[in-house]
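One structure is given below, encoded as structure tokens.
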Amino acid sequence: MAGAAAVRLTLSNDGVDGLGTPNGLKVIVGWTFAGSGLYAWRRRPGNRLGPLMIAVGCTYLTAQILTQTHASPLFTWGVWLSDAWVVLFVLFLLAFPDGRLRGRFDFFVLGLFALMAFPLELAWLLFFETGGNPENALLVWANGSVAANVDSAQRALVATASIVLAAALTRRWLLASPPLRRALVPVLVGSAGILLGSVLVGLDKFQVEFETARWLVLAVYAAIPLAVLGVILRARLARSTVGDLLVDLPTEPSPVELRDGLARALGDPSLELAYWLPQFQSWADLDGRSVRPPTDERGRATTMIDRNGEHVAALIHDPALVDEPELLGAVSAAAGIAIENERLHVELRARLEELRGSRSRVIEAGQRERQRLERNLHDGAQQRLIALSLELSLLEEEFSAEAAARARLALARQEIATSLGELREVAQGIHPAVVSGHGLAVALEQLTARAPVPVRLAVEIDDRLPEAVEVAAYYLVSESLANVAKHANASSVTIVIDRREGRVVVEIVDDGIGGADTERGSGLRGLADRVEALGGRLRVWSPSGGGTRVMAEIPCASS
Amino acid sequence: MRVVVAEDSVLLREGLTQLLDRNGLEVVGSCESAEDLLLKVRSYAPDVAIIDIRLPPTHNDEGLRAALEIRAHHPSVGVLVLSQYVELGLAMKLLADSAEGAGYLLKDRISDVRDFIAAVERVGAGGSAVDPIIVSTLLSKRRSDDPLQELTPREREVLELMAEGRSNQGIADELVITLRSVEKYVSSIFTKLGLPSSGTDSRRVLAVLLYLRS
């Protein structure tokens with residue numbers, strides 16, 4: 001349509017030829033489109049954008065050439081092509097950068113322009129009289145006012161459609177991810193051009209002319225294919241980004257540094273890395289935790305990084321980067337060694353993770369087994385012995401007349417009482433049932449009351465904790481108090497249990513002689529295992545003469 | 001005196017029922033779960049409920065929770081909790097507000113028939129029964145600057161029995177001394193520990209326990 005306007009203007013102006021004039025610039029616009037299209041097609045044969053650009057360029061050039069001829073059918077054909085060109089151009093803008101339209105709205109916008117270029121243009125041509133040579137070959141009934149009305153309708157339609165298009169493209173640009181946003185620059189330029197062009201054509205209707213603006217529109221058109229070229233060529237320039245990446249990366253980048261460096265080089269902040277661990281036959285994240293195999297889904301795309309025919313890692317990135325295979329390739333190649341290196345670290349972390357998991361499973365299984373044993377003793381032997389003792393005492397009453405029998409029964413009962421006491425010790429040693437039954441605060445009361453020195457106990461947690469955490473804390477207090485009794489020569493102990501930032505902290509401080517050997521025979525090693533299996537940490541400070549402080553931190557989210 | 005028994009071991013439940021029966025206590029209901037216990041307490045309004053602390057389904061704290069619920073909603077029903085381990089923390093939880101009509105004994109105690117029946121009757125009559133292990137745990141508790149040191153051995157014995165929930169008469173019988181001298185010991189203990197002398201036996205229990213625990 002801008003083309004038609006240009007033709008109409010040219011017709012009234014006797015357009016001057018030659019480079020440096022609007023007509024010369026038009027030739028340049030046509031050739032840049034076609035040339036850039038050819039280059040784009042060669043670089044990305046799978047993308048329809050290249051052929052589309054060639055079509056835009058060729059149609060534009062053909063229209064320009066044909067409108068300069070004096071053969072009436074060719075001239076008419078040229079006039080019509082100079083409008084049809086706009087439809088192809090809009091299609092190009094909408095389909096950028098992957099060569100596909102994105103839905104019904106795109107078709108609708110395209111339809112608006114098609115309406116202008118095909119039925120309305122045909123209608124115009126039926127009535128439009130050039131009044132000179134060459135004549136309009138389709139002229140049926142020369143009627144200036146009908147032609148002018150159709151022309152106005154066309155101009156109004158184009159103005160509306162241009163605004164809609166520009167708005168839609170701007171919105172697309174605003175919503176795009178950073179890599180895609182970069183690629184969409186030509187489209188933004190294009191929509192600006194179309195908007196400017198349609199304003200110009202609108203003004204032309206009122207005989208207002210802006211020579212500079214016409215130049216500007218043409219310049220913008222010429223700039224679009226160059227911008228497209230820029231996007232494609234940038235992939236070649238990617239080498240310099242990759243260079244930056246290599247310079248930026250420390251010799252032994254941490255997983256986060258590596259990811260950040262790659263994200264910067266690719267211009268995609270959402271970049272994720274997954275490492276293939278052959279020994280586990282699974283994918284893992286930076287921390288060595290197993291993740292699902294990376295796939296192209298939910299708006300993400302995956303690029304495999306292979307070495308010697310085997311997967312090493314996968315970049316999970318914005319799909320817009322698929323259009324920049326050179327960039328991806330260059331970045332992957334440059335970061336290859338760092339990634340390979342990192343994978344070994346990840347593998348190590350995965351092993352640690354596995355080890356930690358199996359340790360906690362072993363302890364958990366042990367815990368369950370102990371619980372089961374205690375339960376069996378409680379419900380079995382202990383109950384039976386109590387029942388037996390009761391039976392004996394009932395017998396004692398029956399034999400109340402026989403002193404000798406009574407004495408022996410009483411003795412037997414005494415034996416049972418002793419056994420019960422011993423059994424109770426054993427069962428409690430196996431598993432402190434009161435902890436699982438009633439919680440840490442209740443269980444610690446007895447423990448601290450029995451302590452050899454005064455104990456200040458503060459349990460600052462009201463709710464129940466996971467059983468494994470409670471049991472670990474209980475053993476920790478119990479073992480520490482036993483150590484205080486044996487070695488510390490302390491006069492008081494303070495025990496604090498509370499929650500800090502998602503962790504349960506158990507702290508036992510005495511004012512004894514300190515100097516505790518944390519590695520040998522203190523029983524603290526076993527406790528450290530228990531705490532570490534829960535992902536926690538046990539630390540002991542015991543300076544000579546400065547008391548002993550035992551502190552365990554166990555991760556535990558508040559419920 | 002009317003008794004309800006909640007104990008999940010059949011052997012013990014039968015033995016206990018027989019024992020109570022022979023000693024002139026009427027077992028009006030026995031059951032193996034906390035739910036049944038609450039139902040029976042509501043239906044039979046017994047004088048005392050004897051409760052195993054570990055009851056189905058989880059054998060964790062169902063018995064204790066039932067006991068606390070009875071204490072809260074049926075204050076006229078005494079609650080005697082039996083357990084294979086006695087824990088100071090649990091005793092303090094059970095007796096938190098008052099020791100009136102509450103008891104907490106090691107399960108083994110049921111074979112000391114005389115003492116056990118006396119404890120059941122005490123609790124049924126609104127008194128208290130605290131296991132000697134709890135009392136000795138409290139007495140073993142270390143304190144800096146401990147006034148317990150000032151007690152004579154006899155006074156200490158009296159204190160222990162008092163903390164277990166015995167009445168002055170009970171203490172006199174146990175130690176084979178006169179009621180008069182028990183009263184003398186008690187007032188001397190209260191003076192030495194700086195405790196205000198209190199009315200009923202069970203109030204005295206709680207006061208002593210809280211004192212010892214502090």
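Everything quoted here is computed from the prediction, not taken from an experiment. Convention: sequence-line order gives letters A, B, ...; per-chain numbering from 1.
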Practice task
Indicate yes or no: at least one non-hydrogen side-chain atom of B/D112 is less than 4.5 angstrom from one of A/R413.
Solution key: yes
Handout entry: A/Q383 vs B/L11 side-chain heavy atoms within contact, under 4.5 Å
Key = no
Problem - Atom CZ of A/R539: over 12 foreign heavy atoms under 6.0 Å - result: yes
[X] and [Y]: which non-hydrogen atoms are nearest, and at how many Å?
| X | Y | result |
| --- | --- | --- |
| A/L394 | B/R22 | O-NH1, 3.4 Å |
| A/H438 | B/N60 | NE2-O, 3.6 Å |
| A/S393 | B/V113 | OG-CG2, 3.4 Å |
| A/R450 | B/S136 | NH2-OG, 3.9 Å |

Check whether [X] gets within reach of chain A through its side chain, its backbone, both or neither, counting any heavy atom under 4.5 Å.
| X | answer |
| --- | --- |
| B/I133 | both |
| B/R65 | neither |
| B/E7 | side chain |
| B/K107 | both |

Exercise for the section: Could you tell me whether the side chain of A/R424 and the main chain of B/Q84 form a donor-acceptor pair under 3.5 Å? Expected result: yes
Practice task
For chain B, find which of A/D379, A/I386, A/L420 contributes the most heavy-atom pairs closer than 4.5 angstrom.
Solution key: A/I386
Practice task
Pick whichever of A/A387, A/A427, A/A449, A/S492 has the most heavy-atom pairs under 4.5 Å with chain B.
Solution key: A/A449
